[in-house]
Number of protein chains: 2
Amino acid sequence: MYESHQYLRQFSIKPSVQRSAVMNFLLKNRIHPTIDEIYLALSPSMPTLSKTTVYNTLDLFVERGAVRALAIDERNARYDVDVSAHAHFMCRSCGTVHDIFGLKTQMFQIPETTKLNIDAVEISYFGKCEKCSGN
Amino acid sequence: MYESHQYLRQFSIKPSVQRSAVMNFLLKNRIHPTIDEIYLALSPSMPTLSKTTVYNTLDLFVERGAVRALAIDERNARYDVDVSAHAHFMCRSCGTVHDIFGLKTQMFQIPETTKLNIDAVEISYFGKCEKCSGN
DNA sequence: TCTTGTATTTGTAACAATTACAAAGATACA
DNA sequence: TGTATCTTTGTAATTGTTACAAATACAAGA
(Lines give C-alpha, C1' and ligand atoms only; values in the text may rest on other atoms or scores of the structure.)
Protein backbone atom coordinates (compact mmCIF):
# COMPACT_ATOMS: atom_id res chain seq x y z
CA MET A 1 0.00 0.00 0.00
CA TYR A 2 2.91 2.24 0.78
CA GLU A 3 4.16 1.85 -2.77
CA SER A 4 0.92 3.11 -4.26
CA HIS A 5 1.18 6.10 -1.96
CA GLN A 6 4.53 6.97 -3.45
CA TYR A 7 3.33 6.13 -6.90
CA LEU A 8 0.46 8.58 -6.67
CA ARG A 9 2.78 11.39 -5.60
CA GLN A 10 4.75 10.93 -8.82
CA PHE A 11 1.66 12.13 -10.64
CA SER A 12 0.93 14.87 -8.08
CA ILE A 13 -2.09 13.05 -6.81
CA LYS A 14 -2.71 13.65 -3.12
CA PRO A 15 -3.05 10.18 -1.63
CA SER A 16 -6.04 9.10 0.40
CA VAL A 17 -7.02 5.70 1.70
CA GLN A 18 -9.36 5.19 -1.24
CA ARG A 19 -6.99 6.45 -3.89
CA SER A 20 -4.14 4.31 -2.61
CA ALA A 21 -6.35 1.26 -2.50
CA VAL A 22 -7.51 1.79 -6.07
CA MET A 23 -4.00 2.44 -7.35
CA ASN A 24 -2.70 -0.54 -5.43
CA PHE A 25 -5.32 -2.73 -7.04
CA LEU A 26 -4.40 -1.46 -10.48
CA LEU A 27 -0.69 -2.01 -9.91
CA LYS A 28 -1.17 -5.55 -8.63
CA ASN A 29 -3.91 -6.64 -11.02
CA ARG A 30 -2.96 -5.90 -14.59
CA ILE A 31 -6.26 -7.04 -15.99
CA HIS A 32 -7.54 -3.70 -17.38
CA PRO A 33 -10.39 -3.78 -14.89
CA THR A 34 -13.75 -2.08 -15.18
CA ILE A 35 -15.08 0.24 -12.49
CA ASP A 36 -17.23 -2.56 -11.23
CA GLU A 37 -14.40 -5.02 -10.98
CA ILE A 38 -12.40 -2.54 -8.96
CA TYR A 39 -15.34 -1.74 -6.74
CA LEU A 40 -16.22 -5.37 -6.15
CA ALA A 41 -12.61 -6.28 -5.40
CA LEU A 42 -12.13 -3.51 -2.86
CA SER A 43 -15.48 -3.24 -1.14
CA PRO A 44 -15.11 -6.39 1.02
CA SER A 45 -12.13 -4.83 2.79
CA MET A 46 -13.51 -1.28 2.55
CA PRO A 47 -17.21 -1.67 3.22
CA THR A 48 -17.95 2.05 3.12
CA LEU A 49 -16.36 2.53 -0.29
CA SER A 50 -18.71 4.13 -2.75
CA LYS A 51 -18.80 3.37 -6.42
CA THR A 52 -18.91 7.09 -7.09
CA THR A 53 -15.52 7.34 -5.41
CA VAL A 54 -14.15 4.75 -7.77
CA TYR A 55 -15.47 6.78 -10.70
CA ASN A 56 -14.05 10.03 -9.31
CA THR A 57 -10.73 8.43 -8.52
CA LEU A 58 -10.23 7.00 -11.96
CA ASP A 59 -11.23 10.24 -13.61
CA LEU A 60 -8.53 11.93 -11.56
CA PHE A 61 -5.93 9.27 -12.37
CA VAL A 62 -6.64 9.62 -16.07
CA GLU A 63 -6.55 13.41 -15.89
CA ARG A 64 -3.13 13.28 -14.22
CA GLY A 65 -1.82 10.74 -16.70
CA ALA A 66 -1.32 7.99 -14.13
CA VAL A 67 -3.75 5.69 -15.87
CA ARG A 68 -5.06 5.22 -19.36
CA ALA A 69 -8.76 4.75 -20.10
CA LEU A 70 -9.30 2.22 -22.87
CA ALA A 71 -12.05 2.51 -25.46
CA ILE A 72 -11.68 -1.10 -26.56
CA ASP A 73 -14.68 -2.31 -24.56
CA GLU A 74 -17.90 -0.69 -25.69
CA ARG A 75 -19.76 -1.91 -22.63
CA ASN A 76 -17.59 -0.54 -19.85
CA ALA A 77 -14.65 1.74 -19.45
CA ARG A 78 -11.46 -0.17 -18.71
CA TYR A 79 -8.34 1.17 -17.08
CA ASP A 80 -4.66 0.43 -17.56
CA VAL A 81 -1.83 1.58 -15.27
CA ASP A 82 0.66 0.77 -17.96
CA VAL A 83 0.72 4.01 -19.93
CA SER A 84 3.57 2.90 -22.20
CA ALA A 85 2.99 2.31 -25.90
CA HIS A 86 1.34 -1.05 -26.31
CA ALA A 87 -1.79 -2.50 -27.88
CA HIS A 88 -4.71 -4.52 -26.56
CA PHE A 89 -6.76 -7.49 -27.51
CA MET A 90 -10.30 -8.12 -26.37
CA CYS A 91 -11.95 -11.50 -26.53
CA ARG A 92 -15.42 -11.29 -28.05
CA SER A 93 -16.46 -14.31 -26.06
CA CYS A 94 -15.32 -13.78 -22.47
CA GLY A 95 -14.56 -10.06 -22.67
CA THR A 96 -11.11 -10.25 -21.13
CA VAL A 97 -8.56 -7.73 -22.32
CA HIS A 98 -4.96 -8.79 -22.93
CA ASP A 99 -1.86 -6.71 -23.54
CA ILE A 100 -0.12 -6.93 -26.88
CA PHE A 101 3.50 -5.96 -26.49
CA GLY A 102 6.26 -6.03 -29.04
CA LEU A 103 4.66 -4.10 -31.87
CA LYS A 104 6.93 -1.77 -33.80
CA THR A 105 7.16 1.61 -32.06
CA GLN A 106 6.48 3.11 -35.45
CA MET A 107 2.92 1.92 -35.15
CA PHE A 108 2.29 4.21 -32.21
CA GLN A 109 3.56 7.27 -33.97
CA ILE A 110 1.14 10.01 -34.68
CA PRO A 111 0.41 10.46 -38.40
CA GLU A 112 1.24 13.86 -39.79
CA THR A 113 -2.04 15.52 -40.48
CA THR A 114 -1.95 19.28 -40.57
CA LYS A 115 -5.53 19.66 -39.47
CA LEU A 116 -5.78 17.44 -36.42
CA ASN A 117 -4.18 17.85 -33.05
CA ILE A 118 -3.63 14.23 -32.07
CA ASP A 119 -2.51 13.42 -28.55
CA ALA A 120 -3.17 9.71 -28.20
CA VAL A 121 -3.27 6.47 -30.16
CA GLU A 122 -5.07 3.27 -29.37
CA ILE A 123 -4.50 0.03 -31.23
CA SER A 124 -7.07 -2.65 -30.52
CA TYR A 125 -7.45 -6.21 -31.72
CA PHE A 126 -10.56 -8.32 -31.47
CA GLY A 127 -11.24 -12.01 -31.71
CA LYS A 128 -11.26 -15.06 -29.48
CA CYS A 129 -8.75 -15.81 -26.78
CA GLU A 130 -7.12 -19.20 -26.38
CA LYS A 131 -9.65 -20.44 -23.85
CA CYS A 132 -12.65 -19.39 -25.90
CA SER A 133 -11.34 -20.51 -29.28
CA GLY A 134 -13.20 -23.79 -28.94
CA ASN A 135 -16.59 -22.13 -28.69
CA MET B 1 -32.69 4.53 -52.48
CA TYR B 2 -32.52 1.98 -55.26
CA GLU B 3 -28.77 1.82 -54.87
CA SER B 4 -28.99 0.91 -51.20
CA HIS B 5 -31.41 -1.83 -52.20
CA GLN B 6 -28.79 -3.33 -54.49
CA TYR B 7 -26.07 -2.67 -51.97
CA LEU B 8 -27.86 -4.67 -49.30
CA ARG B 9 -28.27 -7.64 -51.60
CA GLN B 10 -24.51 -7.80 -52.02
CA PHE B 11 -24.33 -8.73 -48.37
CA SER B 12 -27.34 -11.07 -48.59
CA ILE B 13 -29.49 -8.73 -46.57
CA LYS B 14 -33.11 -8.84 -47.55
CA PRO B 15 -34.08 -5.23 -48.19
CA SER B 16 -36.98 -3.54 -46.45
CA VAL B 17 -38.05 0.09 -46.44
CA GLN B 18 -36.32 0.65 -43.12
CA ARG B 19 -33.15 -1.23 -43.99
CA SER B 20 -32.78 0.60 -47.27
CA ALA B 21 -33.32 3.94 -45.59
CA VAL B 22 -30.69 3.21 -42.97
CA MET B 23 -28.19 1.94 -45.52
CA ASN B 24 -28.90 4.88 -47.75
CA PHE B 25 -28.23 7.25 -44.90
CA LEU B 26 -24.94 5.52 -44.12
CA LEU B 27 -23.83 5.60 -47.73
CA LYS B 28 -24.63 9.27 -48.16
CA ASN B 29 -23.46 10.49 -44.76
CA ARG B 30 -20.00 9.24 -44.00
CA ILE B 31 -19.94 10.69 -40.51
CA HIS B 32 -19.74 7.46 -38.51
CA PRO B 33 -23.13 8.18 -37.03
CA THR B 34 -24.54 6.96 -33.75
CA ILE B 35 -27.86 5.14 -33.52
CA ASP B 36 -29.46 8.33 -32.36
CA GLU B 37 -28.12 10.38 -35.24
CA ILE B 38 -29.48 7.86 -37.70
CA TYR B 39 -32.81 7.73 -35.95
CA LEU B 40 -33.16 11.50 -35.72
CA ALA B 41 -32.19 11.95 -39.34
CA LEU B 42 -34.69 9.42 -40.64
CA SER B 43 -37.67 9.81 -38.35
CA PRO B 44 -38.96 13.06 -39.91
CA SER B 45 -39.55 11.29 -43.21
CA MET B 46 -40.43 7.98 -41.54
CA PRO B 47 -42.54 8.94 -38.55
CA THR B 48 -43.32 5.38 -37.54
CA LEU B 49 -39.67 4.32 -37.46
CA SER B 50 -38.70 2.82 -34.16
CA LYS B 51 -35.33 3.21 -32.55
CA THR B 52 -35.36 -0.50 -31.85
CA THR B 53 -35.48 -1.07 -35.60
CA VAL B 54 -32.38 1.06 -36.02
CA TYR B 55 -30.62 -1.06 -33.41
CA ASN B 56 -31.77 -4.31 -35.00
CA THR B 57 -30.85 -3.12 -38.47
CA LEU B 58 -27.34 -2.14 -37.54
CA ASP B 59 -26.79 -5.36 -35.65
CA LEU B 60 -27.76 -7.19 -38.81
CA PHE B 61 -25.53 -5.04 -41.02
CA VAL B 62 -22.56 -5.65 -38.75
CA GLU B 63 -23.28 -9.38 -38.60
CA ARG B 64 -23.33 -9.56 -42.39
CA GLY B 65 -20.16 -7.51 -42.72
CA ALA B 66 -21.83 -4.60 -44.51
CA VAL B 67 -20.93 -2.18 -41.77
CA ARG B 68 -18.29 -1.91 -39.12
CA ALA B 69 -19.08 -0.99 -35.51
CA LEU B 70 -16.45 1.30 -34.05
CA ALA B 71 -15.30 1.14 -30.43
CA ILE B 72 -13.62 4.55 -30.60
CA ASP B 73 -16.47 6.36 -28.87
CA GLU B 74 -17.07 5.13 -25.35
CA ARG B 75 -20.39 6.92 -25.13
CA ASN B 76 -22.21 5.51 -28.15
CA ALA B 77 -21.67 2.88 -30.76
CA ARG B 78 -20.72 4.38 -34.11
CA TYR B 79 -21.08 2.77 -37.51
CA ASP B 80 -19.01 2.95 -40.65
CA VAL B 81 -20.05 1.64 -44.10
CA ASP B 82 -16.46 1.81 -45.22
CA VAL B 83 -15.18 -1.58 -44.15
CA SER B 84 -11.80 -1.15 -45.82
CA ALA B 85 -8.62 -0.85 -43.74
CA HIS B 86 -8.43 2.66 -42.38
CA ALA B 87 -8.11 4.39 -39.02
CA HIS B 88 -10.22 6.94 -37.16
CA PHE B 89 -9.78 10.08 -35.17
CA MET B 90 -12.18 11.32 -32.54
CA CYS B 91 -12.23 14.88 -31.30
CA ARG B 92 -12.34 15.00 -27.51
CA SER B 93 -14.12 18.31 -27.70
CA CYS B 94 -16.93 17.96 -30.21
CA GLY B 95 -16.97 14.20 -30.50
CA THR B 96 -16.90 14.02 -34.28
CA VAL B 97 -15.14 11.06 -35.83
CA HIS B 98 -12.94 11.54 -38.90
CA ASP B 99 -11.40 8.98 -41.22
CA ILE B 100 -7.64 8.61 -41.35
CA PHE B 101 -6.63 7.16 -44.67
CA GLY B 102 -3.17 6.58 -46.05
CA LEU B 103 -1.61 4.62 -43.20
CA LYS B 104 0.70 1.80 -44.21
CA THR B 105 -1.27 -1.38 -44.85
CA GLN B 106 1.28 -3.11 -42.65
CA MET B 107 -0.30 -1.37 -39.70
CA PHE B 108 -3.55 -3.25 -40.18
CA GLN B 109 -1.90 -6.62 -40.29
CA ILE B 110 -2.66 -9.02 -37.54
CA PRO B 111 0.30 -9.70 -35.25
CA GLU B 112 1.40 -13.32 -35.08
CA THR B 113 0.44 -14.53 -31.66
CA THR B 114 0.02 -18.24 -31.35
CA LYS B 115 -2.55 -17.95 -28.60
CA LEU B 116 -5.05 -15.46 -29.89
CA ASN B 117 -7.48 -15.80 -32.72
CA ILE B 118 -7.59 -12.22 -33.97
CA ASP B 119 -10.18 -11.26 -36.58
CA ALA B 120 -10.22 -7.46 -36.49
CA VAL B 121 -8.02 -4.45 -35.86
CA GLU B 122 -9.00 -0.96 -34.90
CA ILE B 123 -6.62 1.97 -34.91
CA SER B 124 -7.93 5.05 -33.16
CA TYR B 125 -6.47 8.50 -32.62
CA PHE B 126 -7.69 11.06 -30.13
CA GLY B 127 -7.21 14.79 -29.77
CA LYS B 128 -8.77 17.99 -30.97
CA CYS B 129 -10.05 18.62 -34.45
CA GLU B 130 -9.22 21.76 -36.39
CA LYS B 131 -12.36 23.60 -35.31
CA CYS B 132 -11.93 22.78 -31.65
CA SER B 133 -8.19 23.38 -31.47
CA GLY B 134 -8.79 26.91 -30.24
CA ASN B 135 -10.65 25.76 -27.13
C1' DT C 1 -57.31 -13.80 -54.36
C1' DC C 2 -57.16 -15.92 -49.84
C1' DT C 3 -54.57 -18.32 -46.34
C1' DT C 4 -50.98 -19.41 -43.68
C1' DG C 5 -46.37 -19.36 -42.01
C1' DT C 6 -42.32 -16.54 -41.46
C1' DA C 7 -39.74 -12.36 -41.08
C1' DT C 8 -39.74 -7.62 -39.69
C1' DT C 9 -41.10 -3.72 -37.18
C1' DT C 10 -42.83 -1.43 -33.34
C1' DG C 11 -43.42 0.23 -28.52
C1' DT C 12 -42.78 -0.48 -23.90
C1' DA C 13 -40.40 -1.96 -20.12
C1' DA C 14 -36.18 -3.56 -18.05
C1' DC C 15 -31.38 -3.07 -17.45
C1' DA C 16 -26.78 -1.27 -16.92
C1' DA C 17 -23.21 2.26 -16.96
C1' DT C 18 -22.40 6.75 -15.94
C1' DT C 19 -23.15 11.43 -14.17
C1' DA C 20 -25.08 15.14 -11.16
C1' DC C 21 -25.45 16.79 -6.90
C1' DA C 22 -25.84 17.81 -2.12
C1' DA C 23 -24.74 16.27 2.47
C1' DA C 24 -21.32 14.21 5.47
C1' DG C 25 -16.71 13.43 6.68
C1' DA C 26 -11.67 14.11 6.62
C1' DT C 27 -7.65 17.08 6.35
C1' DA C 28 -4.62 20.97 6.80
C1' DC C 29 -3.33 24.85 8.72
C1' DA C 30 -3.96 29.46 10.93
C1' DT D 1 -9.91 24.97 18.32
C1' DG D 2 -11.93 26.89 14.36
C1' DT D 3 -12.40 27.35 9.66
C1' DA D 4 -11.82 26.67 4.86
C1' DT D 5 -11.01 23.24 1.53
C1' DC D 6 -10.86 18.73 -0.34
C1' DT D 7 -12.68 14.10 -0.54
C1' DT D 8 -16.06 10.72 0.02
C1' DT D 9 -20.59 9.05 0.16
C1' DG D 10 -25.36 7.86 -1.24
C1' DT D 11 -29.17 8.85 -3.89
C1' DA D 12 -31.45 10.21 -7.85
C1' DA D 13 -31.35 11.31 -12.65
C1' DT D 14 -29.79 10.41 -17.18
C1' DT D 15 -28.48 7.85 -21.10
C1' DG D 16 -27.52 3.99 -24.18
C1' DT D 17 -28.79 -0.56 -24.97
C1' DT D 18 -31.42 -4.91 -24.70
C1' DA D 19 -35.51 -8.01 -23.97
C1' DC D 20 -39.75 -9.13 -25.35
C1' DA D 21 -44.38 -9.56 -26.96
C1' DA D 22 -47.81 -7.66 -30.00
C1' DA D 23 -48.69 -5.77 -34.53
C1' DT D 24 -47.60 -5.53 -39.23
C1' DA D 25 -45.66 -6.77 -43.68
C1' DC D 26 -44.23 -10.26 -46.90
C1' DA D 27 -43.96 -14.46 -49.68
C1' DA D 28 -45.61 -18.69 -51.46
C1' DG D 29 -48.92 -22.13 -52.15
C1' DA D 30 -53.83 -23.45 -52.55
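Below, chains carry the letters A, B, ... as their sequence lines are ordered, and counting in each starts from 1.
Atom-to-atom distance recorded for B:Leu40:CG and B:Leu49:CG is 10.0 Å, nearest 0.5 angstrom. Atom-to-atom distance recorded for A:Glu74:CD and B:Asn76:CG is 10.0 Å, nearest 0.5 angstrom.
The one candidate from A:Tyr125, A:Phe126, A:Phe89 that meets the ring pair (Phe, Tyr, Trp, His ring centres under 6.0 Å) condition with A:His98 is A:Phe89.
For the helix from C:dT1-D:dA30 to C:dA30-D:dT1, the rotation axes defined at the first and last 5 base pairs enclose an angle of 10°, given to the nearest 10°.
In this entry the distance linking NE2 of A:His5 with C1' of C:dT27 reads 13 Å, nearest Å. Residue B:Glu37 contributes atom CD, which lies 11 Å from atom P of D:dG16 at whole-angstrom precision. Following rounding to the nearest Å, B:Ile35 (CD1) and C:dT10 (P) show an atom-to-atom distance of 14 Å. Here the P atom of nucleotide D:dT11 and the OH atom of A:Tyr55 are 16 Å apart, to the nearest Å. As rounded to whole Å, 17 Å separates atom C1' of D:dT18 from atom OH of B:Tyr39. Straight-line distance from the NZ atom of A:Lys51 to the P atom of C:dA17: 7 Å, rounded to whole Å. In this structure, CG of B:Asp36 is placed 10 Å from P of D:dT15, rounded to the nearest angstrom. Atom CG in B:Leu8 sits about 18 Å away from atom P in C:dA7, given to the nearest Å.
At a cut-off of 3.5 Å, with distance as the only test, a side-chain donor of B:His88 or B:Asp80 sits close to an acceptor on the other residue.
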Can you list the steps and then say if B:Lys14 with B:Arg19 is a side chain to side chain contact (heavy atoms under 4.5 Å, CB included)? CA-CA 8 Å; B:Lys14 202 188 292 182; B:Arg19 290 172 181 176; 3.9 Å; yes
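No side-chain heavy atom of A:Val22 sits under 4.5 Å from any side-chain heavy atom of A:Tyr79. Contact check for A:Glu122 versus B:Ile72: no side-chain heavy atoms found under the 4.5 Å cut-off. Side-chain contact between A:Met23 and A:Val67 is present, with heavy atoms from C-beta onward closer than 4.5 Å. Between A:Phe61 and A:Leu8, the closest side-chain pair of non-hydrogen atoms falls below 4.5 Å. Taking 4.5 Å as the limit, some side-chain heavy atom of A:Ile38 sits within range of a side-chain heavy atom of A:Leu58.
The stretch residues 68-82 of chain B touches DNA chain D through B:Arg75, B:Asn76, B:Ala77, each having a heavy atom within less than 4.0 Å of the strand.
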Please tabulate the protein-to-nucleotide N/O contacts below 3.5 Å involving nucleotides 5-8 of chain D, giving atom names and distances.
unit_1 : atom_1 : unit_2  : atom_2 : d
D:dT7  : OP1    : A:Arg19 : NH1    : 3.0
D:dT7  : OP1    : A:Arg19 : NH2    : 3.4
D:dT7  : O5'    : A:Arg19 : NH2    : 3.4
D:dT8  : OP1    : A:Ser16 : OG     : 2.3
D:dT8  : OP1    : A:Gln18 : OE1    : 3.2
D:dT8  : O3'    : A:Gln18 : NE2    : 2.9

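In this structure, A:Lys128 does not pair ionically with B:Asp119, as no charged nitrogen and carboxylate oxygen lie closer than 4.0 Å.
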